[in-house]
Amino acid sequence: NVGSAITYADSSDNGALLTINKEGIFSISITENGGTMVQAGISINSSQLTTNILSITTANRLAMCTVGSNQPNTASWCGFLRKGDLIRPHTDGGTVGNTGSQSQFSITKVV
């Protein structure tokens with residue numbers, strides 16, 4: 001966590017939340033590993049926090065991937081975000097992240 005372009009918050013009810021403080025071009029990626037086949041991705045301004053990433057409103061889905069049983073996969077996105085946009089790592093509600101070294105979320109302001 002470096003700089004002031006993004007604010008990170010975490011809650012047991014809503015999970016990780018990254019608020020964009022300065023508009024610009026951002027690069028985002030999520031890598032997950034599941035014990036079973038699950039979906040993982042990146043959502044923007046979604047209110048469907050407990051809904052499978054496959055089923056949320058398309059406009060709120062930046063990227064997604066299917067994670068095979070104990071086979072990590074990565075979804076990524078790069079583009080313009082506005083001040084106030086809300087970014088979240090978003091899953092299907094299943095068990096992901098069972099191998100800590102293979103579960104990562106990254107967001108970087110490029111320009």
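Positions are given from 1, in the same order as the sequence printed here. Both backbone and side-chain heavy atoms feed into the values below; hydrogens, waters and symmetry mates do not.
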Using every non-hydrogen atom in the two residues, find where Glu32 and Ala40 come nearest and quote the distance to one decimal. CG-CB, 3.7 Å
One pair to check against side chain to side chain contact (heavy atoms under 4.5 Å, CB included): Cys78 and Ile25. What are the steps and the verdict? CA-CA 7 Å; Cys78 185; Ile25 305 296; 4.0 Å; yes
Please check if Phe105 and Trp77 belong to a single hydrophobic cluster, counting links between Ile, Leu, Val, Met, Phe, Trp and Tyr side chain heavy atoms closer than 4.5 Å. yes
Between Asn73 (side chain only) and Thr66 (backbone N and O only), is there a donor and an acceptor less than 3.5 Å apart? yes
If you measure only the distance, is there a donor-acceptor pair under 3.5 Å linking the side chains of Ser4 and Asn21? no
Going through the checks in order, is the side chain to side chain contact (heavy atoms under 4.5 Å, CB included) test met by Ile53 and Arg61? CA-CA 7 Å; Ile53 184 76; Arg61 187 174 49 235; 3.9 Å; yes
All heavy atoms of Ala59 vs all of Ile44, minimum pair found to be O-CG2, 3.8 Å
Of Asp85, Asn60, Thr57, the residue whose pairing with Asn45 passes side chain to side chain donor-acceptor pair (under 3.5 Å): Asp85
What about Tyr8 and Leu17, same hydrophobic cluster or not, with Ile/Leu/Val/Met/Phe/Trp/Tyr joined at side-chain heavy-atom distances under 4.5 Å? no
Could you tell me which non-hydrogen atom of Ser76 sits nearest to which non-hydrogen atom of Ser29, and how far apart they are? CB-CB, 4.0 Å
From Gln39 CD over to Asp92 CG, what is the distance, rounded to the nearest 0.5 angstrom? 5.0 Å
Separation of Lys83 NZ from Glu23 CD (nearest 0.5 Å): 9.5 Å
Taking all non-hydrogen atoms of both residues into account, name the closest pair between Pro72 and Thr31 and its distance. CB-CG2, 4.4 Å
Can you tell me which residue among Ile87, Leu18, Leu62, Ile20 is in a side chain to side chain contact (heavy atoms under 4.5 Å, CB included) with Phe26? Ile20
Check whether any side-chain heavy atom of Arg88 sits under 4.5 Å from a side-chain heavy atom of Ser46, and report yes or no. no
Just verifying a value: how many Å separate Ser43 OG and Leu86 CG, rounded to the nearest 0.5 Å? 9.0 Å
Decide yes or no on side chain to side chain contact (heavy atoms under 4.5 Å, CB included) for Ile28 and Leu81, but give the supporting numbers first. CA-CA 11 Å; Ile28 310 170; Leu81 294 176; 4.1 Å; yes
Ile42 with Ile56, same ILVMFWY side-chain cluster at under 4.5 Å: no
Atom CE in Met64, atom CG in Leu54: separation rounded to 0.5 Å? 4.5 Å
